[in-house]
Each structure stands twice: as C-alpha cells, then as structure tokens.
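Comments concern the structure below.
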Amino acid sequence: MEHIYLDWAATALPDQKLLNEALESSLKSFANPSSPHKSGREASAIVGQQRKILAGCFGTDPRQLIFTSGGTESNNMVVFSLLKKKRKGNIIISGIEHPSIYEPAASLEKFGWKVRIVNPEPSSIVDPEKMASMIDEETRMVLLIMVNNETGAIQPVNEIGKLIQKSAAGQNIHFHIDAVQAAGKIPLNLGALPVHSASISSHKFQGPRGCGLLYLKKPLEMLYAGGGQEGGLRHGTENTFGMIGTALAAAANTAAIDDNINHALGLKKILIDRISKIKGSLFIPRCSTEELLNPIMFSPYILLASLPPVPGEILVRVMSDRGFEIGTGSACATGKKKKSRIMDAIGIKTHESFSAVRISTGPKTDMEEIHRFCDTLEKESTILINSLKR
Amino acid sequence: MDKLYLIKIGEIALKGNNKSFFEKKLKKNIKMSLKGIQCTVFGGRGRFFIEAPKESSRVVEQVLSNTFGITGYSEVSRIEKDIDLIIGEAIKLAERNIAEGIGLNFKVNSRRSDKGFAMSSYEICCAVADAVLDRIPGLKVDVHNPDWAINVEIRETAFVYGRVDKGPGGLPVGCAGGGMLLLSGGIDSPVAGYLMAKRGLSIDAIYFHTYPYTSDEARQKVIDLAGILAKYTMGINLYIIPFTEAQLRIKEKGLEKAGTLLMRNAMVRIADRIAKGKNDLALVTGEALSQVASQTPESIRYTGSATDLPIFRPLIGMDKQEIINISKAIGAYRTSILPFDDCCTLFAPEHPITHPDFERMKEEFDKLDIEELLIKAADNAEKIHLSGVYT
C-alpha cells in the first residue's frame, strides 16, 4: 500500500542521514558539557558550536539562544516567567494561539493576571491596530503565534511589534512570538524583528524530537533553578544529540529555504486547483486562491480544506486506510459537533470546521505524491459525500 | 504445596430438585475459568472445595471472587478429626490475626456434620476458645461483635478457617440459557451483561460497526470491554456487524427525527436473527428508563417490537451513578470512558422524537426497505471469541 505523508505541520519526516550524523557526533562528545575534564570541555565546545550555527540561521547572537525541550516548553517558560513579577497586570494573546500558549495563559488567570484575547480577522490574520488597541498601562506581555498551525496564517509580527513599542507603556511590554511553524520553513531573522522572545521546535524542520530553542533578546527571570546550564535560564544536563541535530537540520533547511518555499507553493497550487474541483469543497479561511498562495500571508506548507458534510475525522481515517496521512482540523466529539477554538475565533461555520482537514507538506513531498493524493481524495470524498446525502 | 479453599454457595443451596444441576454447572465453571491450572474441585451438598498449587493462589482467588454462584470462600486447613490438632490450627490462625493487628475480640463457630465425633459443636467451641485464650493473653471472646472468627467444621475430616472473602453471589453462568447482549462502547451495556450473567444467563455480544464513521479504536474498545466481561461470563462470542450500509440507508430514507429509533430497531432485528441462529433465549440491553430519547416507554416499546424474544434490561430502574459504581467494580469503567466514540453526530438527529407513535414508526420503518441489508449485515458478522480463562 502507498504511504504518503502529508502531515508535516504535526511533525516533519525525520532526516535519517542528518540524525545519524548527529548521533555519531554526540556519541563522540558524550561527556557532560559541565564537566571540567578534557572530554567535558570538548562537549561544551560542541554545544557552543551548535549555538553559533543556530544563531546564524535565525539572525541572533548565540548568547540569546537557550536550548529547551521544544516549543511547548519555550512558550511555557515565557508565560510563567510572569509569575516572578511583583506587579500583576494583563497579557494580550490572539484567539488562535497554540495550546502551549493558550493553556498556560489561561492558568495565569488563577494567579490574578488578566488575559485579553484579540480575535483575528476572518482571514485568521490579526489586525495590528486592533491588537495594539488592547494595550494599556497594565499590559506586561503580548504573545502571538507567528504562523498558525491550523490555517497557516502568517501574522504581521513586524507591524505589531512596532505598534507595541510606540504605545505609551511600550517599553515595559514583552513581545513573544511562537515561531514553531516558521523556523526552518520561512525566513526568520529574529534579530531584525521587534520581538523580545521566540519559540522554536526542532522536529518541525526535520530535527530530532525533544529539542527546541527559546530566543531571548534579554534574559528573563525564570521559575526554575538547578545546575545553571543555559546561562542559568534552563537547567539540566545538555541534550548534545538534540542540539547537534537541531543545528544540522536548521542549517540544511535555512540554506534551502527559498527553494523549499517555491516547491511548497507549487504543491499547494496543485492541491488548491484540484481540491477546489471537488463539489462543495472550500478552504479555510475563506480567502482567494491568490491570497492563500501569497507566502507573505500564508505558510506555503499548510492548506486547510473542508469537504462538508464529510467529517474531517472520517476523511482522515479513510485516507489513512488508503495510505495518505493528513491531519484533522477539529475532532468529532461525543454527540456534539465540537468546534475548534481557532475556527471559532475566525468565525467559521460549525459544519465547515467540522469537515476540515489539514494537508501539510515538506521539502521531501513531491508533485507525483500530491497528484496521487488528489486522485484518491477525489474518489473517496465523492463516495463519502454521496453516501451522506439525503 | 497446595492450598485448599472452602467455597460457599448461596442461592443454589436453596434450590430443590435442580440443586445438583446448579452445583454441576458451578463446578464446571470454576474448572473452566482455571483451565491450565492443576487444580481439583470437589464436594457437594452446599460445600465445595478447591485445591490448587500455592503459586496459583492469586488467580484462584480472582476466580472465586468473580464466579457467579459463589457467595464466599476461605482458605482452610484440612486436618484429622482430633481436637488437639484442631486447637493447634486454631492457635496458629489466632496468632496470624494478632500479628496482622485486626483486633482482640474473637469468637469460635463450629459445625459438626459427622455426628460420630465425640464432642458437640458447643463443646468444640468452648475447647478451642479456652485454648486460644490460655495461649494468647489479652484476647476476649465476643460472640456478638467479634473482630474475627475461628471456624471449625467436622465432616469426613476436620477443617479450620478464618476470614471468609466475598464472592459475587448470583447463579452459575449458563444455568439460565444464553442471551445476546447489545454491546456498545459505553458504560451501560457491559454492566447489563454482567448483571444478567449474575442471574445465570450465558452471554454473547453483538456490536454494530459503522466504518469509516466509527473508528477502529472504537471497535477495539468494544473488543476490550467484551474481554473484561468475558471473565465473569465464562467467555464471550462477540459478533461484529458491518452496519454502515444499513446506517446510510436509514440516513437516506428515514424520517430524520426518528433516526435513532429506526437505527435501534434495525439493530434489534439483526440481534434477533443472530440470537435465534444460536438458540439464545433473550436479548440484553443497557437501557435505563428516560436516560435518553430512545429510552422512554414509547421508544422502548417500539424498539422492542422488532423481536419476539424477551429483552432483559437490568438497568431499567437504575440511576447513572449506580450503573457507574458497578462499572467501576467490575473493572470496565476506565475502558468505557476512553474517548473513541462513534462519530454519531452525523446520524443523530438534532431533535429526536421522545414519544414515537407506534403505528407511524412501523410505517416509517417499512419505507426504509432495509430488510435485505439487515440480513446481509447479520450474515456477514465477524465472530471473535474472548476467553473467560484466567491466567
């Protein structure tokens, strides 16, 4: 049976060659980088090299990069750093944040913080003015997902960052971006962006699972204490394998980023052309083809399609049984058509979000696979749509 | 070394001429659950014994705790009918109880079915209690509220035992014939199957799978539930029905607001066909009155009309919490609440009928022209056997 993987936004297909290389290097430099002996110093130098490589990839100073276990930890670290602040206030997030921002933010409310949520426009892109208008003297932090994991919408981070700086309380506001779906996929020059911190996850760009980065323009006071690794901001013996793998994957993907984007846009165009021919199909958000294919507005790697009345979950199941792996937009819950929080935030009708499936590609996806996927999707969705007609 | 257990039976002991039928069934069931373990089950006339290797005691005790027809069991010492030996065992038992710290007040129970034994029951009790009191200072006899008891039985040989653990009661599975349980992945139906097995019904189960609208995880969940239930029912044959075509026909041609009722009626028809094919005497469902729209008296009348077999609904008068308590006690709850539900939203009406008109429903069902599809679904059932053997 076929096995075509189109769920790269969930996790990228690992690059085996690169991971083997990382494993081999990490086994050579096996020592604890904090150990003062020769092997330890060598391992420490290796860690330093990886940080430099990654700083080059993301336009930062090496000292501004903290290795973490991934995007979720990086996001949590930033949100919960607020608990160290003496004066409570409010934070602003968008309505389409990943759970690793949304959930910690929600739990901050239990500690007396206020969370303000700004919903994006129907395009799932946040209006910078609208976000900036939520800022007041009590605002301590603004958090925003740079590339949304469901719709692929790219947020105007630059514009929002500048508006924050311009606001009366701007100097005291920390602006954090969740760059998990951006890093290694679209240009990401963190040093040039008006942000104070950013989260990156290695496995989204073919690096190893369990490793990520937190970019911190200036150190933040964190909750944890320990052995003092990572500049005293993230403690625990360094994951040398993860760090080397992350650097290798970031370097490889950054070098190929323009080609990868063009390749992905070509695949996305075919997907849009062919899926739009299936009767009743639509794309979320409801933007024009030109907009969906505009790499400034939407990630070239992500397409959210909906084929009502077929539930997304059913389509994913059927396609999986035919050898094509895609993601769901929202899950079918017990007895209820449960909407996704993100679909809700952009005002998508229940039956449309209920039927959403996410197709996400990567550098290894080829055109032939996309055509075969579309052939099967056309066939199976037609059967399902017809069988569900009354 | 072997351990010997005394098995107490409850309701079976009250049976008249059929008593030996029930007793044989119970013996057979215990042996079947312990297939693969070298053990012997013997006795009769209200008392059974099982002798099994010590290393199998965990499994044996599980079986005795879960086998319907057993009200209690206890590990026993079997000795010669000699009062000194009996006293010796009683003292060992008392010393163990003291070491476990279960209290200082005790009593001695004695039964003597061998009337040839020199001492009466009362004399045995006194002799044993005196000896124990002499040996272990600080103990007190309390015949009304003892912390523990020493039990002595004089039969063809003498038995001494202490704590009696509870069995599940009920009647041996199979003594009431066979029934077909409509098993979903929810909380109720496994409990219904358990309760009917408790009354002696041998249980098989039927599950309606609507792939791709139901996931394989949901199917596996039902298989797992049947596996849990099988340990109480001496095994289960699970029939998995390919129900998609029938379900789609109901969606296509059925009255929208009656969708669930038409579906349940179709399910009962299939269950009826399979049950009769294997000479089952009844259907079993997990319905509880007024729990959902399809469980009002009118709805139950309509869905029940699809079969002439009796439908046993042991949960009919129970609250949800009572059902959940049993589900937890039998170890099904954690599986039942796993989130692999049917994608039923597609087929569940927004506003289902709660008080269907019986004649109107019959007309609506006829419009489906579904009989052939139901026969096909029943005939294409996949049968999976879940073992009731403990390992």
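Letters A, B, ... mirror the listed sequences (proteins, then strands); counts begin at 1.
Under the 4.5 Å side-chain criterion, counting only non-hydrogen atoms from C-beta, B:T244 is not in contact with A:S387. Taking the side chain as every heavy atom from C-beta outward, A:L388 and B:F347 approach each other to under 4.5 Å.
Listed by first and then second residue, the ring-ring contact (aromatic ring centres under 6.0 Å, His included) pairs that reach into residues 252-272 of chain B come to none, sequence neighbours excluded.
Within 6.0 Å of CD in A:E2 there are more than 12 heavy atoms belonging to other residues, nucleotides or ligands. Within 6.0 Å of NZ in B:K320 there are more than 12 heavy atoms belonging to other residues, nucleotides or ligands. More than 12 heavy atoms of other residues, nucleotides or ligands sit less than 6.0 Å from atom NZ of A:K364.
For the pair A:L384 and B:P212, the tightest heavy-atom approach, listed with the atom from each and the gap, is CD2-CG, 4.0 Å. Residues A:R317 and B:Y213 approach most closely at NH1-C, 3.5 Å, considering heavy atoms.
Taking A:E73 as the reference, A:R234 meet the salt bridge (charged side-chain N to carboxylate O under 4.0 Å, His left out) condition, with sequence neighbours excluded.
Note that the CG atom of B:L248 and the CG atom of A:N386 stand 11.0 Å from one another [nearest 0.5 Å].
Looking at A:L315, there are no atoms closer than 4.5 Å to chain B (heavy atoms on both sides), in backbone or side chain.
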